[in-house]
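Every heavy atom of this structure was used, including side-chain atoms; hydrogens, water molecules and symmetry mates were not. We're numbering straight along the sequence, starting at 1.
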Amino acid sequence: MSSSILPNASLEASAPTDTSSSNGTDSETRTDDGATNKIRRVDSSSAFVLQDTLKETFHPVPLPVPSGPVQKQLERVGARMSRGIQKKIQRKNTCFDWGAMLLPMLSWLRTYDFRNTLFGDIVAGLTVGIMVIPQSMSYAKLASLPVEYGLYSAFMPVFAYAFFGSSRQLAVGPVALVSLMLSTSLSHFVDPSENEAAYVTLAIQISMMVGFTYIILGALRLGFITIFLSHAVISGFTSGAAIIIGMSQIKYILGVSMKGSKQLHYLIGNIIEVIDQFDWKVFLMGSFFIFLLLIMKHVGKTYAKFSFLRALGPLAVTALAIIVTVVFDLDEKGIPVIGDIPSGLPEISINKWSGIGAGLVSFVDLIPTVLSISIVGFMESIAIAKQLAVKHQYELDSSQELLGLGMANLAGAMFSSYPVTGSFSRTAVNNETGAKSGISALVTASLVGMVLLFLTPLFERMPTSVLGAIVISGVLGLVDLQEGKFLYKVHKQDFLVWLVSFSGTMFLGVESGLVIAVLLSLLLVLYESAYPHLPMIGRLPGTNVYRNIKQYPNATTYDGLVMCRIDAPIYFANTQNIREKLNKYELVAERDAMEAMKDKSDEGEDNKDSPISFDMLNSLTYFTKVHFIVIDMSPVSHIDTSGVHLLEEMHRDYQKRGLQICLCNPNHYVMEKLFSSGLADKIGANYFYCNTHDAVKDCLREIESKSGENSHGSVTKDEEGPIGLELGSESNTLKQRMRGNANDDHV
């Protein structure tokens, strides 16, 4: 075999090495013009070094070397830069740095510009506070808790997150999705209408367990877990859950009393059963408030100068409903209202941590609820937090974010809160109104505290239909049917994932929908890993570039060769698929070559003046067999022992059948594995190449040399065009045709 080039040869060749001091073994190969190359085995830090002893294969353009004063000046500058970098490397963390790791608030507080950003933070905090007061009470009702627990959840957890959270704009507090999950889970164990105290205790204990879960995950640096949930899965899950949330609030709009459910068909059935309780007065009021909230939200999003309407909508509707109720005594005319709301700050609830399950349910039974709320809460929080971190150009550590959410839930569980997380809508408002730091969260929590101390009597005559209207208008934006249409048009597989996640959440329940979403994500990861992209490649006309022949149908392929590229790491999950594809490509190549030979034979029979000779026919028959498997391994970043065994088995099988495998440009890590396993020696150093083009040239030359006695042809090399095998003086090309293979993979 001629002209073997190992990876990194062009870089290593120009650096002569003293081989006399090496402990490795040397082997020799020859280049096209007879030059001898030494390939040396060295230690594990450098898998191999190529020494070109007779010629330079890489000729860089020499740069002018400065001299005199310029050289001395550059040396002084370089020395200063080196000392500066060394100081940064050797710099030890100060007490303040260690404190910032525990309290991220310190990292932005040390550079906080009070003059230019404090006013914006105060405005944003007040705006979000005005928005969260009615929202939190609505979400508490969604969670089947008294409304004051919604205010409690918007108080102490917000303070805690301001100190421990890493996002500067995230608005933490009660959200609709977590509230629904809490209600559907705990309602299986306790009926909140019959045993409210036990239900509240379980909600606080769930908050405590969620807090510890986040802290443990953050301490173990597991903030990457949400990357396994694809966008299609998340969109389908949130859309299905939003519909469940909206349907669960219909009872407040219709003025009926019905059983709750986490499944859409049961909710619809429950509504039909109690439709005779329909109250048109409550329906008109609730429908009007939904319409008013949607109009204000639309105007706030569409017109920049009216953006404040988006945040003021819930509070404005709440104030209007209370005024109308008080003026016309609607509560005495059959319109249901909230009723008594205790005044004062939340009581300390650490004593409720003992006796997990409140004697009604075991700890193990609560674990699925805790895990599902933790995953969904973090997923919802980190999505918006990362977006805003990129927009405001600061780093967000997902593991630190877990710690921040954990401390928020843990602090909330100490002061009568149920589980909280970051809110999409309130975070967007917080950012739009000028929040630059956690000070906005401190202002929001302070405003909620003032309401708890002095203003709770104002909300006692608020109609319950307002609470339902606020929830429904809030979750309508989470129903992303447009995403489903987009996925159907762009990627059918992602649309199927979206549809399964969406339908599973609606008809099987939120927890089951989440499990389905997670399993789908993991199955997609496993599928993509087990079925890597492995295209057949060909040479682009007039170049030395090799690309997928399906994407480039005019790429040139050659008889006797299978050229392909592995676009993934080679490990235990995909070795079987790689083997099957290589076997398929071998059969396809031989089939196409047989068709080409048949066409040549038919052409000889038709042409009586110059028939194809017996020797030429033998040569054609020789070229119908595959003799070399050329694999471009440039994209292969990793190979495990299963991958090494795969290559070894393929090499052994190919040797029995007279085939040779050629590996092109494996990286440093892969070469280490091939050398340490001994596979590189078995394959032979002559069959490792720096690029695919060199491998193809050598393979074609060897095919020609082995078929010499049966062929009158010769190998031609055109530096400007493709390589061809020409037969006889008539220069009939055996196979140098442009083709695409429908059996190949997509690019």
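- In I348, the CD1 atom is not crowded: 12 or fewer heavy atoms of neighbouring residues, nucleotides or ligands sit closer than 6.0 Å.
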Problem set entry | Intermediate values then yes/no, side-chain contact (heavy atoms from CB on, under 4.5 Å), L467 and I338 | CA-CA 9 Å; L467 298 179; I338 292 177; 3.9 Å; yes
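- In this structure, L330 CG and T325 OG1 are separated by 4.5 Å, a value rounded to the nearest 0.5 Å.
- Counting only distance, with no hydrogens or angles, the side chain of N409 and the backbone of V420 share a donor-acceptor pair below 3.5 Å.
- Checked against the 6.0 Å centroid criterion, the rings of F502 and F237 do not qualify as a close aromatic pair.
- Considering CD1 of I384 and CE of M379, their distance stands at 13.5 Å, rounded to 0.5 Å.
- Contact record, G422 with S381: N-CB, 3.8 Å, taken as the closest heavy-atom pair.
- Under a 3.5 Å cut-off, the side chain of T238 and the backbone N or O of I234 do form a donor-acceptor pair.
- Open room surrounds NE2 on H298; 12 or fewer heavy atoms of other groups in view lie less than 6.0 Å from it.
- The existence of a salt bridge linking R221 and D397 is confirmed by a sub-4.0 Å separation between a basic side-chain nitrogen and an acidic carboxylate oxygen.
- Residues M156 and A411 come closest through the heavy atom pair CG-O, 3.8 Å.
- The minimum heavy-atom distance linking A242 with L478 is given by the pair CB-CB, 3.7 Å.
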For this session: Might you work through the side-chain contact (heavy atoms from CB on, under 4.5 Å) test for L366 and F189, ending with a clear yes or no?
Result: CA-CA 10 Å; L366 293 177; F189 309 120; 4.2 Å; yes
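- Under the 4.5 Å side-chain criterion, counting only non-hydrogen atoms from C-beta, Q169 is not in contact with K391.
- Within a 6.0 Å radius of OH in Y394, more than 12 heavy atoms belonging to other residues, nucleotides or ligands are found.
- Side-chain contact between I271 and M247 is present, with heavy atoms from C-beta onward closer than 4.5 Å.
- A donor-acceptor contact shorter than 3.5 Å links the side chain of T444 to the backbone of G125.
- No donor-acceptor pair closer than 3.5 Å links the side chain of S187 to the backbone N or O of T184.
- Interatomic distance, L151 CG to T456 OG1, rounded to the nearest 0.5 Å: 8.5 Å.
- Ring pair Y149/Y152: centre-to-centre distance below 6.0 Å.
- Annotation: side chain of V299 is not in contact with side chain of T302 (no heavy-atom distance under 4.5 Å).
- Panel note: side chain S183, backbone S179; no donor-acceptor pair is recorded below 3.5 Å.
- Within a 6.0 Å sphere centred on NZ of K262, heavy atoms belonging to other residues, nucleotides or ligands number more than 12.
- The closest donor-acceptor contact from the side chain of Q277 to the backbone of S257 lies under 3.5 Å.
- Using a 4.5 Å heavy-atom cutoff, the side chains of F424 and V175 are not in contact.
- A donor-acceptor pair under 3.5 Å is absent between the side-chain atoms of Q263 and the main chain of M506, judged by distance alone.
- The main-chain N or O of S374 is found under 3.5 Å from a side-chain atom of Y214 such that the two form a donor-acceptor pair.
- In plain terms, the two heavy atoms of M285 and I335 that are nearest each other are SD-CG2, 4.1 Å.
- In summary, the side chains of S166 and E401 do present a donor paired with an acceptor at a separation below 3.5 Å, with no hydrogens or angles considered.
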For this session: Run the numbers on V390 and K386 for side-chain contact (heavy atoms from CB on, under 4.5 Å), then give the verdict.
Result: CA-CA 6 Å; V390 172; K386 281 189 173 181; 5.6 Å; no
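- Between the OG1 atom in T318 and the CZ atom in F459 there is a gap of 7.0 Å [rounded to 0.5 Å].
- The backbone N or O of S235 sits less than 3.5 Å from a side-chain atom of S239, completing a donor-acceptor pair.
- The existence of a salt bridge linking K436 and D121 is excluded, since no basic side-chain nitrogen approaches an acidic carboxylate oxygen closer than 4.0 Å.
- Of the charged side-chain nitrogens involved, none lies within less than 4.0 Å of a carboxylate oxygen, so that K259 and E273 do not count as a salt-bridged pair.
- Heavy-atom contacts from other residues, nucleotides or ligands closer than 6.0 Å to CZ of F291 number 12 or fewer.
- Under a 3.5 Å cut-off, the side chain of S354 and the backbone N or O of N351 do form a donor-acceptor pair.
- When all heavy atoms of M296 and A316 are compared, the closest pair comes out as CE-CB, 4.1 Å.
- Expressed to the nearest 0.5 Å, how far CG of L202 lies from CG of N195 amounts to 9.0 Å.
- The shortest non-hydrogen separation linking M105 to L442 is CE-CD1, 3.9 Å.
- Separation of atoms OG (S446) and CD1 (I439) is listed at 11.0 Å; rounding is to 0.5 Å.
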Problem set entry | Derivation of the side-chain contact (heavy atoms from CB on, under 4.5 Å) call for V479 and V475 | CA-CA 7 Å; V479 182; V475 300; over 6 Å; no
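- The closest side-chain heavy-atom distance from I373 to L182 is below 4.5 Å.
- For the pair V128 and S440, the minimum side-chain heavy-atom distance is 4.5 Å or more.
- Counting heavy-atom neighbours within 6.0 Å of E196 CD, excluding the residue itself, gives a total of 12 or less.
- Proximity of the aromatic rings of F159 and F155 is defined here by a centroid distance below 6.0 angstrom, and this criterion is met.
- In the model, H188 has no side-chain atom that pairs as donor or acceptor with a side-chain atom of D365 under 3.5 Å.
- The shortest side-chain heavy-atom distance between V282 and L254 does not fall under the 4.5 Å cut-off.
- Residues I470 and L293 have side chains in contact (heavy-atom distance under 4.5 Å, counting atoms from C-beta outward).
- Residue-environment remark: CZ (F308) exceeds the threshold of 12 foreign heavy atoms within 6.0 Å.
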